[in-house]
There are 2 protein chains.
Amino acid sequence: MDAKYPVRTTEKTLALIEQLMEGGPCGVTELASDIDMGKSAVHNHLTTLQKHGYVQQIDDEYQLSLKFLEVGGRIRKSMELYQVAEPEVKSLAAETGELANILIEEQGMGVYLMRAKGADAVDLDTYAGLRTRLHTTALGKAILAYLPESRVTEILDQHGLQQKTPKSISTREELFQALDAVRERGYAIDDGERLEGLRCLGAPVRTSSGEVLGAISVSAPASRVSDQDLHGDLPEKVLSAANVIELNINY
Amino acid sequence: MDAKYPVRTTEKTLALIEQLMEGGPCGVTELASDIDMGKSAVHNHLTTLQKHGYVQQIDDEYQLSLKFLEVGGRIRKSMELYQVAEPEVKSLAAETGELANILIEEQGMGVYLMRAKGADAVDLDTYAGLRTRLHTTALGKAILAYLPESRVTEILDQHGLQQKTPKSISTREELFQALDAVRERGYAIDDGERLEGLRCLGAPVRTSSGEVLGAISVSAPASRVSDQDLHGDLPEKVLSAANVIELNINY
DNA sequence: AATAAACGTTCTGTTCTATAGAACAATATA
DNA sequence: TATATTGTTCTATAGAACAGAACGTTTATT
């Protein structure tokens with residue numbers, strides 16, 4: 001995590017990539033001033049990245065290429081959970097007509113592996129690869145509830161409890177109570193904690209030995225999800241999908 | 001393309017990433033011998049990449065993280081063609097029940113932006129980010145047909161005409177004839193050229209000024225696509241979807 | 001049309017640093 | 001218990017990254 005002997009040149013390349021990602025296509029001079037490097041050095045880095053396909057030049061501007069999507073796509077494709085869960089999450093979206101997601105934990109953050117839109121799905125700005133704090137979503141809470149407590153506190157120490165909406169969980173006590181509730185029910189609920197008016201229901205996906213691999217969820221506008229749905233029909237569907245995934249993973 | 005003053009350290013980092021992508025999770029020693037570097041140097045690179053979230057350590061092995069998916073996802077999301085075409089390609093898949101795709105050209109290669117599976121869709125090993133030779137697919141031919149001829153020959157010089165199946169296009173003459181046919185019809189056909197028994201129909205997406213932005217397609221097993229479909233019903237649906245995309249892009 | 005400003009790119013000497021190799025601790029193997 | 005193999009720490013030196021100056025081109029200004 002700390003890198004005792006960091007490779008400074010690599011860090012500069014990464015800073016450049018980050019800047020191109022945040023700021024979009026850019027010329028050499030502007031980029032150089034943005035990350036505080038000389039023009040020639042930036043030029044050398046850019047042409048090197050271009051040579052290997054990570055950057056391309058369009059209309060006198062440099063920009064990141066879809067090589068990153070290729071690398072990311074291959075990594076995702078190689079993940080067993082993704083292979084198994086993908087068709088199930090799509091069915092779940094089709095069946096409910098809403099938005100269905102898979103999330104995994106990586107470096108203490110939640111990463112969306114994919115989303116599938118049913119016929120009436122809301123259009124959230126989630127996308128494959130998006131990172132989110134675990135405590136802010138039903139998906140994340142479903143994962144946290146089944147991680148070792150030591151790991152949970154480690155994650156809290158690292159990332160804190162940033163609030164998204166007034167309803168968000170803001171203290172550790174509150175979170176641990178919520179996680180207890182998740183373990184009791186077997187699924188997690190987010191009632192407007194991440195986004196006002198949005199209700200989510202997430203269920204963990206675990207191995208036979210109890211290790212948590214990720215979570216799946218359905219998100220829908222509160223107007224379409226009654227309190228009754230939230231504790232009856234919907235959890236049944238999500239838990240059933242999670243169960244099918246677990247069975248297929250454990251052979 | 002050539003990088004007159006390449007940053008060698010960055011190239012080593014990229015070689016390491018490439019090796020981790022091809023070979024999967026790996027220890028320091030093995031990785032060092034794979035790419036012919038000292039153990040300590042590899043260790044420094046890995047911890048640097050880890051510090052910035054591109055690599056993670058699991059069970060005494062280093063592996064690439066989904067950070068790449070995040071970067072790739074953000075790049076894709078920022079592309080206007082993707083934003084506009086995504087819902088249309090999904091409808092196309094739903095409507096036909098088959099597999100629908102978007103492809104764009106990047107650095108002379110075709111890159112899949114997304115795929116959408118209809119109810120009966122075949123399960124090809126394509127995925128978002130996958131790169132393919134342009135002359136081997138209906139999607140690629142739809143793009144090549146509307147690129148300037150100078151650019152087409154440039155691409156051929158760079159990437160050649162590798163054959164995938166006995167039916168593949170193997171000479172420049174053959175390709176240019178095929179591209180003429182595409183321009184005449186307005187859509188491209190792949191009848192088993194990429195994969196035996198698979199038929200694809202691709203249509204270009206162009207701006208009002210005639211520039212090609214990419215192509216969309218439907219792929220289906222030959223058993224479900226009659227010769228009649230291939231020149232009647234199917235092109236109509238694909239062309240109509242392409243047209244909707246074009247209208248939405250040009251405002 | 002002439003001039004100036006700004007750009008991307010080339011090039012080199014100096015400064016900084018990436019790296020091999022040796023040594024260490026920790027774990028696995030015999 | 002001894003031996004091999006791993007990941008990691010550390011440092012001197014070989015080597016490379018980079019600032020800055022200069023170049024040719026393009027764009028903006030007067």
Would you kindly give the [atom1]-to-[atom2] distance between [X] and [N], to the nearest whole Å?
{"X": "Lys51(A)", "N": "dT9(C)", "atom1": "NZ", "atom2": "P", "value": "16 Å"}
{"X": "Gln50(B)", "N": "dG7(D)", "atom1": "CD", "atom2": "P", "value": "13 Å"}
{"X": "His43(B)", "N": "dT5(D)", "atom1": "NE2", "atom2": "P", "value": "20 Å"}
{"X": "Leu46(A)", "N": "dA17(D)", "atom1": "CG", "atom2": "P", "value": "15 Å"}
{"X": "Leu31(A)", "N": "dA6(C)", "atom1": "CG", "atom2": "P", "value": "19 Å"}
{"X": "Lys4(A)", "N": "dT11(D)", "atom1": "NZ", "atom2": "C1'", "value": "13 Å"}
{"X": "Asp59(A)", "N": "dT26(D)", "atom1": "CG", "atom2": "P", "value": "15 Å"}
{"X": "Glu11(A)", "N": "dC16(C)", "atom1": "CD", "atom2": "C1'", "value": "15 Å"}

All pairs passing side-chain hydrogen bond (donor to acceptor under 3.5 Å, both in side chains) where residues 28-41 of chain A contributes a residue, at least two apart: Gln19(A)-Asp34(A)
Should Glu154(A) and Arg151(A) count as an ion pair when the cut-off is N to O under 4.0 Å? yes
Qualifying residues under salt bridge (Lys or Arg N to Asp or Glu O under 4.0 Å), relative to Arg131(A), sequence neighbours excluded: Glu106(A), Glu70(B)
Could you work out, with salt bridge (Lys or Arg N to Asp or Glu O under 4.0 Å) as the rule, every residue matching Glu88(B), not counting sequence neighbours? none
May I ask you to evaluate whether Tyr62(B) reaches the phosphate of dT8(D), defined as a side-chain N or O under 4.0 Å from OP1 or OP2? yes
For the residue pair Thr10(A) / Thr13(B), report whether a side-chain donor-acceptor contact shorter than 3.5 Å exists. yes
Quick one: list whatever passes ring-ring contact (aromatic ring centres under 6.0 Å, His included) with Tyr62(A), sequence neighbours left out. none
Produce a footprint string for nucleotides 18-30 of chain C: one letter per nucleotide, 5' end first; B if the base is under 4.0 Å from any protein heavy atom, S if only the sugar-phosphate is, - if neither. SBBB---------
Bending between helix ends of the helix from dA1(C)-dT30(D) to dA30(C)-dT1(D) [5 pairs per end, 10° resolution]: 40°
Sequence neighbours left out, what pairs pass salt bridge (Lys or Arg N to Asp or Glu O under 4.0 Å) with at least one residue falling in residues 168-183 of chain A? Asp157(A)-Arg172(A), Asp180(A)-Arg183(A)
Across all chains, not counting sequence neighbours, the side-chain contact (heavy atoms from CB on, under 4.5 Å) partners of Glu61(A) are Pro25(A)
For Lys90(B), give me all partners under side-chain contact (heavy atoms from CB on, under 4.5 Å), at least two apart in sequence or on another chain. Lys117(A), Glu86(B), Met114(B), Ala116(B)
